[in-house]
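The next block holds one structure in the form of structure tokens; read it before the comments.
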Amino acid sequence: MATSVRLEPIESNFLLNDLTYAALREAVLEVDVYSESADLRLDERKMAKQLGVSRTPLRDALTRLEQEGFITIKPRRGIFINRKSKREVLEMIIVWAALESMAARLACAVATGEDIAMLRQIGMQFPEDEAKANLSEYSEANIKFHGTIMRLSNCQKLQELGEELFTHLKPIRRRAMRDTSRADRSVVDHMKIIEAIEARNEELASDLVRGHTLRLHDYVRRTWKFFVGESEDLEAGR
């Protein structure tokens, strides 16, 4: 996973602002922002050169990304990719647990047999041993699995809210998946969730999804020590 922004030149002038924004957004989202070695500073001149654009469309893209909460522009200090505080990360996980548990409940009622078969295919893509051996690939499959549950809810507004939130959660899940013990547990959890949805057991599916996500919450709360500038009251549980 990238620990600094990597960009390719944009060759077309068609909708240059949108193309610049899309390329920059994708690059920012690929940065392993929760790595201790991540380079969070963005160099405007370097990015413009890499993309092959002037600073005008680049600054428009940066403004849009700041409005979406991905970066912060600090006058006379620079441009920085945002790393959420530990409190923000924990709150986002709680909200995701609520959204996805409702999605699982809805999926029990509306998902087709073909939908559930697709979810099972995703869940079975990496058995436990392969998940540990291919953590990067499994991390992406894990993200796809949870996104699919949201889609199977067949609730457009739930999907919209989930997609916006999950964009910020992806790098958090990627980092958490580096722990092989979590990969093991994740595979087992996924199988149980699939079986509950397949059985149309709304209560069980909802509980399993919520518990699965709240274990991520507990893992982050207990083990993530690298955040800078956190108030001590969070660690103390106050």
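When a residue number appears, it is its place in the shown sequence, counting from 1.
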[atom1] of [X] to [atom2] of [Y]: how many Å apart, nearest 0.5 Å?
| X | Y | atom1 | atom2 | answer |
| --- | --- | --- | --- | --- |
| Arg105 | Ser153 | CZ | OG | 13.0 Å |
| Lys144 | Gln121 | NZ | CD | 7.5 Å |
| Leu58 | Met47 | CG | CE | 5.0 Å |
| Leu152 | Leu106 | CG | CG | 10.5 Å |
| Lys84 | Met92 | NZ | CE | 5.5 Å |
| Leu216 | Ile172 | CG | CD1 | 7.5 Å |

Are the side chains of [X] and [Y] in touch, meaning some heavy atoms are under 4.5 Å apart?
| X | Y | answer |
| --- | --- | --- |
| Glu198 | Leu119 | no |
| Leu169 | His146 | no |
| Arg200 | Ile116 | yes |
| His217 | Thr213 | no |
| Leu90 | Arg87 | no |
| Glu163 | Met150 | no |
| His190 | His212 | yes |
| Glu68 | Tyr21 | yes |

Discussion item. Between Thr112 and Asp115, is the side-chain hydrogen bond (donor to acceptor under 3.5 Å, both in side chains) condition met? List the steps.
Written reply: CA-CA 5 Å; Thr112 66; Asp115 289 334; 3.1 Å; yes
Item to complete: Look at the side chain of Ser206 and the backbone N and O of Glu203, then say whether any donor-acceptor pair between them is shorter than 3.5 Å.
Response: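 No, the answer is negative, given that no donor and acceptor are paired below the 3.5 Å cut-off.
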Item to complete: Examine distances only and state if a side-chain atom of Ser101 and a backbone atom of Ala98 form a donor-acceptor pair shorter than 3.5 Å.
Response: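 Judged by distance alone, yes, a pair lies under 3.5 Å.
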Worksheet entry | Glu30 bridged to Arg174 by N-O distance under 4.0 Å |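 The answer is yes: the pair qualifies as a salt bridge.
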Worksheet item: When you check the gap from the basic side-chain N to the acidic O, do Asp18 and Arg64 get nearer than 4.0 Å?
Response: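 Between Arg64 and Asp18 there is a salt bridge, with a charged N closer than 4.0 Å to a carboxylate O.
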Discussion item. Does the Lys NZ or Arg CZ of Arg175 fall within the cation-pi geometry relative to Tyr34 - under 6.0 Å from the ring centre and within 45° of the axis?
Written reply: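 No.
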When you group the ILVMFWY residues by side-chain heavy-atom contacts below 4.5 Å and let the links chain together, are [Y] and [X] in the same group?
| X | Y | answer |
| --- | --- | --- |
| Val31 | Ile143 | yes |
| Leu208 | Met124 | yes |
| Ile197 | Val110 | no |

Practice prompt. Identify the residue among Leu62, Leu24, Leu29 that makes a side-chain contact (heavy atoms from CB on, under 4.5 Å) with Phe70.
Written response: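 Of the listed options, the one satisfying the test is Leu29.
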Mind listing the closest non-hydrogen atom pair of [X] and [Y] along with its distance?
| X | Y | answer |
| --- | --- | --- |
| Arg55 | Ala48 | CG-CB, 4.5 Å |
| Trp96 | Leu165 | N-CD2, 3.6 Å |
| Ile194 | Gly123 | CD1-CA, 4.2 Å |
| Cys108 | Ala196 | SG-O, 4.1 Å |
| Leu214 | Ala97 | CD2-CB, 4.0 Å |

Would you give me the side-chain donor-acceptor pairs under 3.5 Å for residues 72-80, sequence neighbours excluded?
| unit_1 | atom_1 | unit_2 | atom_2 | d |
| --- | --- | --- | --- | --- |
| Thr72 | OG1 | Asn82 | OD1 | 2.5 |
| Thr72 | OG1 | Asn82 | ND2 | 3.4 |

Discussion item. Between Asp189 and Arg215, does the side-chain contact (heavy atoms from CB on, under 4.5 Å) criterion hold? Intermediate values first, please.
Written reply: CA-CA 11 Å; Asp189 284 356; Arg215 275 190 287 277; 2.8 Å; yes
Item to complete: Would you please name every residue forming a side-chain hydrogen bond (donor to acceptor under 3.5 Å, both in side chains) with Glu164, sequence neighbours left out?
Response: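 Here no residue qualifies.
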Discussion item. Restricting to side-chain hydrogen bond (donor to acceptor under 3.5 Å, both in side chains), what partner residues turn up for Asp218, sequence neighbours left out?
Written reply: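 side-chain hydrogen bond (donor to acceptor under 3.5 Å, both in side chains) check on Asp218 returns Arg221, Arg222.
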Practice prompt. Determine, stepwise, if the pair Glu195 / Lys192 fulfils salt bridge (Lys or Arg N to Asp or Glu O under 4.0 Å).
Written response: CA-CA 5 Å; Glu195 290 168 2; Lys192 291 180 178 179; over 6 Å; no
